[in-house]
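Single-structure report; data block below.
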Protein chains: 2
Amino acid sequence: MPLDSKTLCLGALDAGYNTGYDIRKAFEDGPFQLYQSLSYGSIYPALNALLADGLVTCTEQAQDGRPDKKVYAITEAGRTALRAALLQPLGFDRLRSEFMFALAFAHLMSPGQVSRLLDDYARGYRELAEDLACTDADPPPGRRFLVRLGQEGCLTWARCVEKHRAALEADLTARDPAVAAGAGTGD
Amino acid sequence: MPLDSKTLCLGALDAGYNTGYDIRKAFEDGPFQLYQSLSYGSIYPALNALLADGLVTCTEQAQDGRPDKKVYAITEAGRTALRAALLQPLGFDRLRSEFMFALAFAHLMSPGQVSRLLDDYARGYRELAEDLACTDADPPPGRRFLVRLGQEGCLTWARCVEKHRAALEADLTARDPAVAAGAGTGD
DNA sequence: GCGATATATATCAAGCCAATATAGGGGCTC
DNA sequence: GAGCCCCTATATTGGCTTGATATATATCGC
């Protein structure tokens, strides 16, 4: 198992996110949002396990009013473990798309509903492309590459949807002539 | 929650996959492999729940030697439930990519390791594009659209990786001049 | 002054995945 | 024909993850 939640946390720490709260932001809005996700229920237990294994250190900072901040830092052993995990054979990408699954049943919907779905889907990827732009300044080479790749990929995917949607919409009206004619012309 | 495992099973049944074993294949190698996944641990309980709710029917077929086959069929109520679930607001696509996460830490690897990662990554998408071609004959409009979209999307993504990789590899050697000069190239 | 949002840690129920158990058939090698 | 692996087929379980919730305070807009 190459990339469990402990490895993901080590990566976030190496990238400069040093509290549980910050790590979650890195996966929610930050540089990792495009290709990984991680929630509190995984992060806090993972940090405790990493601490027990000596792969991270923790210094508590008392703050005015706010709850104490636990600032974590990756150790040299941690960085070695991260490097080792990244070199193991990696599982291939897995996409979970409710939009695509819904579109697989376009024949069960009205053409108007399908068109709205396609609009929302393409727009979502255009918005995501913009979100990917605003990340940290001067990232390492790998993350610079991923920003460019992610932005172009999202825009290209949106364009691909817009390119092929006409064929789908034509297929649907061809199957349901009543819609094409605008009135009940029979089947 | 729009697309839980019960909804996914209803969809697979509507698409003509009518046993638990078959449904899994639809998500493993079949038309849904690109955008959803579902395992036995979800499928069998979901089918039981759907049966209890009257959204599917089940007829047991005794077979020579082999265990009895439970053939499920979606009911009209089931198709209505499927339609209703697909029209609820859908969550946006979520990608889980171990390759991209690993590449985010390219600065922790040797250039050779990064190059191999990029090779494997692009090749994986080219192979996936081929796998997507062999699906069932004469699919409904939505799935025809998704096949075209999926194939073009995978190929485009592979090309996008290959287009941007040179910049990454240049960045990495610029950071580590020893590698550029050819001295002590540890792999 | 009031609700909304942000900081920050932590836990829990519900759900899901990967692995395993069970069981017979077909095909392959030696 | 013995051993072995893969395919069909259903079912269960352990362990992990998500999403929601609890707690406590500060700041910001209005």
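Just so you know, these numbers use all the heavy atoms, side chains as well, and skip hydrogens, waters and symmetry mates. Residue numbering restarts at 1 for every chain, and letters A, B, ... go by the order of the sequence lines.
- In the helix from dG1(C)-dC30(D) to dC30(C)-dG1(D), the end axes, each obtained as the rotation axis mapping the C1' atoms of four pairs onto the next four within a five-pair block, lie 40° apart to the nearest 10 degrees.
- At whole-Å resolution of the value, OH in Tyr17(B) and C1' in dA9(D) are 17 Å apart.
- Remark: P of dT10(D) and CD of Glu60(B) are 10 Å apart, rounded to the nearest angstrom.
- Rounded to an integer number of Å, the gap from CG of Asp22(B) to P of dC7(D) is 15 Å.
- Residues Asp93(A) and Tyr121(B) have side chains that bring a donor and an acceptor to within less than 3.5 angstrom of each other.
- DNA chain C is contacted by Arg94(A), Arg96(A) of residues 92-100 of chain A, taking any non-hydrogen atom closer than 4.0 Å.
- The cationic group of Arg24(B) lies under 6.0 Å from the six-membered ring centre of Tyr40(B) and within 45° of the ring axis, placing it in a cation-pi geometry.
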Between the protein and nucleotides 10-13 of chain C, list the N/O to N/O atom pairs that are separated by less than 3.5 angstrom.
residue, atom, partner, partner atom, Å
dA10(C), OP1, Lys70(A), NZ, 2.5

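- Note on Glu162(B) versus Arg159(B): no salt bridge recorded, every NZ/NE/NH1/NH2 to OD/OE distance being 4.0 Å or above.
- Put simply, CD1 on Ile23(A) is 15 Å from C1' on dT7(C), counting in whole angstrom units.
- The distance between atom CG of Leu8(B) and atom C1' of dG15(C), rounded to the nearest whole Å, is 13 Å.
- Taking atom NZ of residue Lys69(B) and atom C1' of nucleotide dA11(D), one finds them 17 Å apart after rounding to whole Å.
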